[in-house]
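What follows is one structure encoded as structure tokens, with my remarks underneath.
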Amino acid sequence: MRTRNTMAALALATALPFAAPALAQNYGGQDYGLHAGGLEVPINKSQVVTSDRAIGRAMVGSAEIADVLPISDRSIYVLGKSAGTTSLTLYDRNNQVIAVMDVTVGPDVDGIRNELASLMPDEDVSARLSAGSVILSGFVSDAGAASRASRIAQAFAGDKVVNLLSVGGSQQVMLEVRFAEVNRTVGSQFGARGVGISNNGDFGFAIGPGASANNGGLGVSTIDGAFGIIGTLFNIGDINIEAYLDTLEAKGMAKTLAEPTLVALSGEPASFLAGGEFPIPVAGGAGGNADAITVAFKTFGVSLAFTPTVLGNNVINLIVEPEVSSLDPSASVTINDISIPGLQTRRASTTLELRDGESFAIAGLLREDMNTTVSQMPLLGSIPILGSLFRSTEYQKGQTELLIVVTPRLVKPIRPGYVNLPTDRVEDPDPLDVHLVGDDYQPVPLAPTTPAAAQEVPDYEY
């Protein structure tokens, strides 16, 4: 007996003494009133069950799930063989039932509890076995802690983990986004055009952009879009010539800036649009009428969509999708006398992780366009120097650069009394001051500066 007890002490981890029955339960049609609770046994590990009376016989409902071996007259050895649940019944030497208990065999829950307590001591996480799976329950500080607890349990139980952890208070994330776009354009235009006709009207010509001939004779169209126009009249022999030289050099730079701000709960998407919609006719209406035309609307402007997920240590995982689009008449399409404008779009999509208050920039969104057009009279336009009088040239170059800066911040709600509105500093105007003095508003003096420590807002209790 002493030898068997010594071997059991070395091989077994836990001993559960039986106390008074905790719950009456019916087994096999008889109410024994001796249900002794449950016993969790890891697969390929064991537990020791001890009774306050001598054990004459021990029976297991399913020998494929668990097995029993005697250690002494009051202790037995329960070995977990495969995942599942069964029952264990103990009898005394008079064949009377001592106790009945439920046995659950599955992953090593004790090992999971020890790892959770060691690696996540500040989190309230509990683990238990149920139908061969590990159930995690309790409260954690953020979604990252819940993910770490689930990975720890999966190291012991594989895919048999049911995560029922609750995140204590959803964290809100404010995303500050700045769009900066610079558009530079350079263009030049040099053209010659003119009309000549002989004195007797037998000979005439017209050169340059817009040259035309009709029943009234030869001519050129009106010169538009030129900054400088030089004209002259002269004669070459019996030919009267009316010539014009139009020139243009254009330079421009445009800067656009938008600073949208969004607030969303951790794990929830949010979107923003500052712009508008333009109509697009679509052939085919209701009822299968192919001749009917319906109208669909396409959005344009500055838009932002993001999904934040707050991880541990104030780390924020972000899925960001910013977009800047504008109407582009140069890409328009005309269908049945209906002009549909095109869109010039700058779009980006990325996933990254940042800490509270850190920023990242999306740069390198460059676009460069260059267009050169030369119109000339054959042969004459190719003559050096003098050929410039018989041709028209146009040069255009455009460069666009877009920079997007994103800054996520963890935020908490504040009390209404700490919110200052722009209208708080403006009082209603006095009609007499408006008519006599011309004051259109009455500013309100600022309150004395409050020390920074006094401006701090206490956190709400959740």
Side-chain angles (χ1 to χ4, degrees), residues 1-117 126-137 153-162 164:
M1 182 69 68
R2 181 178 303 171
T3 302
R4 284 184 294 175
N5 287 339
T6 302
M7 294 176 59
L10 293 175
L12 305 178
T14 306
L16 301 177
F18 282 113
L23 178 66
Q25 191 163 338
N26 185 283
Y27 287 92
Q30 300 183 13
D31 187 7
Y32 295 105
L34 297 173
H35 186 255
L39 176 66
E40 295 179 352
V41 183
I43 297 177
N44 298 327
K45 290 190 176 182
S46 60
Q47 298 279 24
V48 172
V49 176
T50 303
S51 174
D52 56 355
R53 288 186 287 171
I55 301 174
R57 182 162 52 99
M59 295 183 61
V60 176
S62 175
E64 297 178 356
I65 296 176
D67 198 1
V68 293
L69 296 173
I71 299 175
S72 66
D73 59 344
R74 296 192 179 188
S75 300
I76 62 172
Y77 181 89
V78 182
L79 174 64
K81 299 175 64 177
S82 62
T85 58
T86 185
S87 61
L88 172 64
T89 307
L90 301 180
Y91 298 87
D92 60 12
R93 294 177 178 175
N94 295 324
N95 207 27
Q96 298 293 321
V97 176
I98 300 176
V100 179
M101 60 192 316
D102 297 326
V103 178
T104 302
V105 179
D108 188 1
V109 178
D110 289 334
I112 296 176
R113 295 189 185 112
N114 294 335
E115 292 294 331
L116 291 174
S126 61
R128 65 184 180 89
L129 275 177
S130 178
S133 298
V134 177
I135 297 179
L136 299 179
S137 60
Q154 289 173 0
F156 289 83
D159 58 351
K160 294 184 177 181
V161 176
V162 180
L164 299 181

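The chain is numbered in sequence order, starting from 1.
- Looking only at distances, a side-chain donor or acceptor of R74 sits under 3.5 Å from a matching main-chain atom of D52.
- The CD1 atom of I112 sits 13.0 Å away from atom CZ of R128, with the distance rounded to the nearest 0.5 Å.
- To the nearest 0.5 Å, the span separating CG on N114 from CG on D108 amounts to 8.0 Å.
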Working for side-chain contact (heavy atoms from CB on, under 4.5 Å), residues R93 and D73: CA-CA 10 Å; R93 294 177 178 175; D73 59 344; 3.6 Å; yes
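- Considering only heavy atoms from C-beta on, I135 comes within 4.5 Å of L164 through its side chain.
- Heavy atoms only, all atoms of each residue included: L129 and E40 are closest at N-OE2, 3.5 Å.
- Contact record, S75 with I55: N-CD1, 4.1 Å, taken as the closest heavy-atom pair.
- More than 12 heavy atoms of other residues, nucleotides or ligands sit less than 6.0 Å from atom NZ of K81.
- Remark: the backbone N or O of A63 is not paired with any side-chain donor or acceptor of D67 at under 3.5 angstrom.
- The two residues V48 and T50 have their closest heavy-atom pair at CG1-OG1, 4.0 Å.
- In this structure, E115 and R113 have side chains that are not in contact, with every pair of non-hydrogen atoms separated by 4.5 Å or more.
- Taking every heavy atom of both residues into account, V41 and S46 meet most closely at CG1-CA, 4.1 Å.
- By the 4.5 Å heavy-atom criterion applied to side chains, V105 and I43 are counted as neighbours.
- Side chain of T86 to main chain of S62: a donor-acceptor pair is present (N/O by atom type, distance under 3.5 Å, no hydrogens or angles).
- Side chains of T85 and T104: a donor-acceptor N/O pair is absent below 3.5 angstrom, by distance only.
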Just do the side-chain contact (heavy atoms from CB on, under 4.5 Å) check on V49 and L39 with the steps written out, would you? CA-CA 9 Å; V49 176; L39 176 66; 3.8 Å; yes
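- Across V78 and A66, no two heavy atoms sit closer than the pair CG1-CB, 4.5 Å.
- Contact of the T89 side chain with the V97 side chain is registered, since non-hydrogen atoms from C-beta on lie closer than 4.5 Å.
- Judged by distance alone, the side chain of N94 and the main-chain N or O of Q96 form no donor-acceptor pair under 3.5 Å.
- Closest approach of V134 and A157 over heavy atoms only: CG2-CB, 3.8 Å.
- The structure places CG of L90 at 11.0 Å from CE of M59, a figure rounded to the nearest 0.5 Å.
- Here the CZ-CG distance, from R57 to N95, works out to 4.5 Å after rounding to the nearest 0.5 Å.
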